[in-house]
Structures are given as structure tokens and as C-alpha cells.
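For reference, the structure is listed below as C-alpha cells.
The figures here come from the full heavy-atom set of this structure, side chains too, leaving out hydrogens, waters and symmetry mates. Keep in mind that what you see is a predicted model, and the values were worked out from it rather than measured. So that the names make sense, note that chain A is the first sequence line, chain B the second, and so on, each numbered from 1.
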Amino acid sequence: MDKEQVALILDEIGTLLELQGENPFRCNAYHNASRAISQMEGNLAEIVTAGKLAEIPGIGDTLRDKITTLVTTGHLPFYEEQRKKVPAGLLDMLRIQGLGPKKARALYDQLGIESLDALKIACEDNRVATLKGFGAKTQQKILEGLAFLSQMGERVRIDQALPIAQQLIDGLGNCPGIKRIELCGSLRRRKDTIKDIDILISSDDAAPIMERFVTLPGVTQIIGQGDTKSSVIVAGNSGRGRRVLMNADLRVVTDAQFPFALHYFTGCKEHNIAMRARAQKRDLKLNEYGLSGPTKSVKCKDEADIFKALGLDYIPPELREQTGELDVAEKHHLPKLLEADDIRGVFHCHTTYSDGHATLAEMAEAAQALGLEYLGIGDHSQSLTVANGLTPERVHKQWAEIDKLNAKFKGFRLFKGTECDILPDGSLDFDDDLLAEFDYVVASVHTHFGLAEPEMTARIVRAVSHPRVTMLGHMTGRLLLKRDGYKVDTEAVFKAAAEHGTMIEINAHPMRLDMDWIHAKRAKALGVQLVINPDAHATEEIAYYRYGVDVARRGWVEKKEVFNTKTTAQVAKVLAARGK
DNA sequence: GCCGTTTTCGGCCCGACTGTTTTCAGTCG
């Protein structure tokens, strides 16, 4: 059983215990362990075998044994027992806004409700409102929550959330009395998927701002409206005509409170808890309004001052995931993170030669408009006929056009590449002689996703070990919120890539963002050279590389670890040397 | 269930908002 499966089960156990009214701290121990496992580096089975599981913070003797059982046998009697004690439908009910374990349990105990459908009928029959602790408003909120759930999924991609957040900020921007306004939460930390939009404002007069917020265009429902905090549901356009609904929260504080509130609402929650605990050890109290001791409070003009007051270097939002950043910041060893401006070009872009929407010339022009120095073309290879993959003849035709364009460019260059299919047995879709003539080769899996893990791993390791392969494309093939990645032992892929000097792509297309930040962090640790590619199929998609920079930053990646921060001359030199 | 510079027990971050209460529990982040 792999990391994700173990993490899911631990998290579910925590929730099942909550539904049974267990001690919240015990429940939390399972949620924490779930997080620790899903974010840990390395191969879980290896760590279990090495007996190093309990070295992970948040995993003690009990959880070590349970996780070991899960990993080695594939199931856990304790988990099965808990599942028997709680009807499955109660877990669904927790997805409703404002409905927590206590209320869900009461609905089950007193009305026998154990599904969303039954809950809807009970609300419509006015049976919920009569329960102790419930009322007409709660019943109405549950109905609204059910409607919200049926209209959308739980999370949306960052590229869908950002425009909605921007629309809200623009709408608030001209409100008088705003001193500072900032996006917080997981959007500020640049997670690949987002649940809520969090906006923070500093002002001396919150009321009119609140009023503006809940009446902004796109707001479809007001969840709450208080003196300093309001919560709404907002509809936005996902960019392809599809409507996306999201929660959006606004908090208004004074300007003196702003840095503390900004830190607090940026999260993540576990990072905040660690920061508060750290403050406590120094006889200080940290909350969203300030940092104070028994006699006086510490003035902070920005977040950096808060970290400094607690003996830490400034921790960028992307690193605030409670994966060791406090310890490293204390020792002054935080990485100097990659910046979007460090990227000088990208290597995985499609044109009308295969399945792209723009011509070679149009893509080159768009790349230059973005300030890039070079653009690598990587159209599909011959066997991927659904994507109009190029035959060797068409490859030569494309090269001739690239040569022609390059002859005209000043300070810009197109590199000749291919996104060459990795065939089911791990061989490549073009012969070695043709591959040798490309400037570089991106090797990717596009077919036979269902191979068992050993076969898929062997397939990708073989491709990564091929001397003509420059970089591996979208390592797991996942599509965010749509399709899980194929089963592959990423640890083995990283080791092969490091051994053969093959790069691994951070595919920056916001539907993929594959590999993810945890993988990126691990790849870096194992000495794999990274490259950030937009997988652009249209001119406006070249700028997607910025989402890849976000992933890299979350993975603690520095400029020197990313190939496409090099100049055109440096890139050409490295690629020429690899071809030998 | 975890954890320990207050260390094997007794804590575990903490405040806003809502709704149903009549002083607070539940939920959320």
C-alpha cells in the first residue's frame, strides 16, 4: 500500500473517531499522521522496513504499528472496525458547510439519516429543524450546503481560483479606507488546488468594506457577515465558459494588526500551530492580532519582523507547510528560492505540427513577447496519432522551418525538440539516429496508463536511462481533480535520472502540475536536475511556466537546480555535450 | 494518540461567527 492510500485511511480513521465523539486530540493525531505520511520524502515501504517510521514527527508507537500493518498487509483491522461503527453516509454529510461531526451524529442518532438524499428529504419535511440544537436556519443552511455540493466539486485548480480572487480584489480595490489588501490562504502559498479564497484588508472602518464585499458582482450567497469577518459564495468563470463556485472569506483588521493577520491567514494551519507553540516557549502569545508577552507586545511592521522576533529567518509563504521550515529557518539555512524572472526559456511546447493551436512562428513570437530568450519545440512523435504525432519526414520539414526562423531572430532561438512517446516496453518512438539529431528529447508516457507498478517503473526507468533522452515529461500523468497518476515508483525514477544525468520536468500546465511539490523536493534532494515546462498548446499557455515556478518554490528549489534558468549559450553547450 | 529545556502525566492554538440558547456548543480556519 502506498503513501497516498495510507494517508487517506489515517485521515478517515480520524474522522470516524470524531463521528463517535472521541477525544479531539486523539482524532487529530490521526489527521496529523495522515499529513505527515502524505508529505514525507522517500519511499514509505523502505522507511517501514528500515524501522524509521517513528522518527517522523507525529508518529508514535501506536501509529507506527498501525501504519506498518497497513503497508505490509494492505489492511488494518482497527480501520475495518471503525468503519463498521459509523455509516458511510455520515462521512458525506461532513462535506456540507456548517455540518460537523456532532451535528451529523445527532442527525443519525435521532432521525436515522445516513445519506445526503435522506438528509435533503428530512430538511424538506421540516424534521431537522425540530431537533434539539438545530433550528429553521440550520435546516436552511443544510439545504443550501447540499445545493452547493451538487453544483461543484470541493476544490478547484489554482488557474481557476486566481481569476475569481482577482475579480474580488478588483471589486474591493476602489473601496475607500483600504490601507493594505492581500490574498492569503492556500492561494498565497500557491497550492495546486484551492478550496477557499481568503482576502485580508487593513482599514479603520470595516463596515462599508464588508457591505461592499457581500454585494460584489458574482456573489451568489452570503454565508456570514460580521464586524471583521464575512464569508460568501462567489461564482466565477473558469476560462472555458464553465461556471465555478467558490467560498470566499474576507477579514478586516487594523493596519497595526495586518502583519499578524497576514501570517495567520496565510497558514498552513500546522505551520501556525508550530509558530504559536514557538512563541509560547518564549513566554509570548501569537495570534492574528499581535505578538505579546506578559508585560508588553512586540511591534511588527511586516511578516519578516514576526519571524525575526521568534528567532527565525523570513519564511516565504510557499514553504509554510510544516515540513521542517521552522528548524531550517532557525539555523539560517533556508534556500534562496527560484523566482519567475529566473526562467529564460522553456522546452516543452506544441505547435500546429502536432496538436497545438498556434504555428511555430506564432509560438516564437509569443515567447519573445514574454521576454524569454529561447523556446524549445516538443511536438508529439509518430505513434501518437490522436495528437497528430510527427513522422520523421515531418520532423525534417519542421527543422527546416525552425532553421529559417532562427536565421531571422536576434537574441532569440528556437531549439529543435520532440516529445517522444515512451512505448509500453520503455523503448522510444523514434530510432536513435533520428533522436540524436534533435537538440533535445522530452520522453513522455501517453498510452497504456494501466500497467502495474513494476512494469510502469521499468518502462520509465528504461526511458530515463536512454542516452538520447534529455528530460522526462509529466512524470506521473495525473490530471488534477480528474485522473490519478499512473502507478510508478518515483523513487526509482529519481535515482535513475540522477544516475544518468537525465532531467525531470515540472510540467507547469495547471491541469497537471506534475511532478508535484513533494516530488520536486525529493528529486532535488536526490540530485536530479529539474526543468520547468509549460506543455503549451497555445500562445497564451507559454506563461504557464509560472505555475511551475510555484511548484518549484514549494519544493524548496533554487535557481541553480533548474536547467532553464541558464542562458541560451549555456543551454546550447549542455545539450551539445549530451548529444556526444 | 503524541510529546517532553515544566519529560511518563497532563497538556495539546485560538478567535470569529452562527444559531440556538439565555450563557454556550458547534463549526471553521
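Side chain of A/Ile273, nearest nucleotide from B/dG1, B/dC13, B/dG26: B/dC13. The side chain of A/Gln280 approaches B/dC13 more closely than any other nucleotide in the set B/dC13, B/dT27, B/dC2.
Regarding A/His263, its NE2 atom lies at a distance of 18 Å from the P atom of B/dG29, rounded to whole Å. Rounded to an integer number of Å, the gap from A/Asp283 CG to B/dT5 P is 16 Å. Taking atom CD1 of residue A/Ile9 and atom P of nucleotide B/dG1, one finds them 17 Å apart after rounding to whole Å. Atoms CZ (A/Arg26) and P (B/dC3) sit 16 Å apart, rounded to a whole Å. Look at CD on A/Gln82: it is 13 Å from C1' on B/dG1, rounded to the nearest Å. Counting to the nearest Å, the P atom of B/dC14 and the CZ atom of A/Phe265 are 15 Å from each other.
Taking atom C1' on both nucleotides, B/dC2 is separated from B/dC13 by 16 Å, rounded to a whole Å. Taking the C1' atom of each, B/dC14 and B/dT20 are spaced 23 Å apart, rounded to whole Å. One P atom belongs to B/dT5, the other to B/dG1, and the distance between them is 23 Å to the nearest Å. Here, B/dG11 and B/dC17 have their C1' atoms 27 Å apart, quoted to the whole Å. The C1' atoms of B/dG15 and B/dC9 are separated by 28 Å, rounded to the nearest whole Å. When the P atom is used for both B/dC3 and B/dT8, the distance is 16 Å, rounded to whole Å. Across the P atoms, B/dA16 and B/dT21 are found 24 Å apart, a figure rounded to whole Å.
Place A/Gln97 and A/Lys66 on DNA chain B by their nearest nucleotides, and A/Lys66 ends up nearer the 5' end.
Contact detail for A/Lys3 and A/Ile37: the closest heavy-atom pair is CD-O, 3.4 Å.
Heavy atoms from other residues, nucleotides or ligands lying under 6.0 Å from CG of A/Asp484 number 12 at most.
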- Walk me through it: do A/Leu480 and A/Arg512 pass the test side-chain contact (heavy atoms from CB on, under 4.5 Å)? CA-CA 6 Å; A/Leu480 278 167; A/Arg512 294 187 182 270; over 6 Å; no
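Of the charged side-chain nitrogens involved, none lies within less than 4.0 Å of a carboxylate oxygen, so that A/Lys84 and A/Glu80 do not count as a salt-bridged pair.
As judged by a 4.0 angstrom heavy-atom cut-off over every strand, A/Asp196 is placed among residues touching the sugar-phosphate backbone only. Nucleic acid contact class of A/Pro101 (heavy atoms, under 4.0 Å, all strands): sugar-phosphate only. Using a 4.0 Å heavy-atom distance criterion, A/Asp61 is classed as a sugar-phosphate-only contact.
Between A/Ser231 and B/dC28 there is no side-chain polar atom (N or O) within less than 4.0 angstrom of OP1 or OP2. Residue A/Lys195 has a polar side-chain atom (N or O) positioned under 4.0 Å from OP1 or OP2 of B/dG29.
Relative to the ring axis of A/Phe78, A/Lys66 places its NZ or CZ within 45° and under 6.0 Å from the centre. For the pair A/Lys308 and A/Tyr314, the NZ or CZ position fails the cation-pi test of under 6.0 Å to the six-membered ring centre and within 45 degrees of the ring normal.
Without hydrogens or angle criteria, A/Asn28 side chain to A/Pro24 main chain gives no donor-acceptor distance under 3.5 Å.
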- Given protein heavy atoms under 4.0 Å, the one-letter contact record of nucleotides 15-21 of chain B, with B base, S sugar-phosphate only and - none, is simply SSSSSSS
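Aromatic ring centres of A/His263 and A/Phe307 lie closer together than 6.0 Å.
Below the 3.5 angstrom threshold, one finds a donor paired with an acceptor across the side chain of A/Asn23 and the base of B/dG1.
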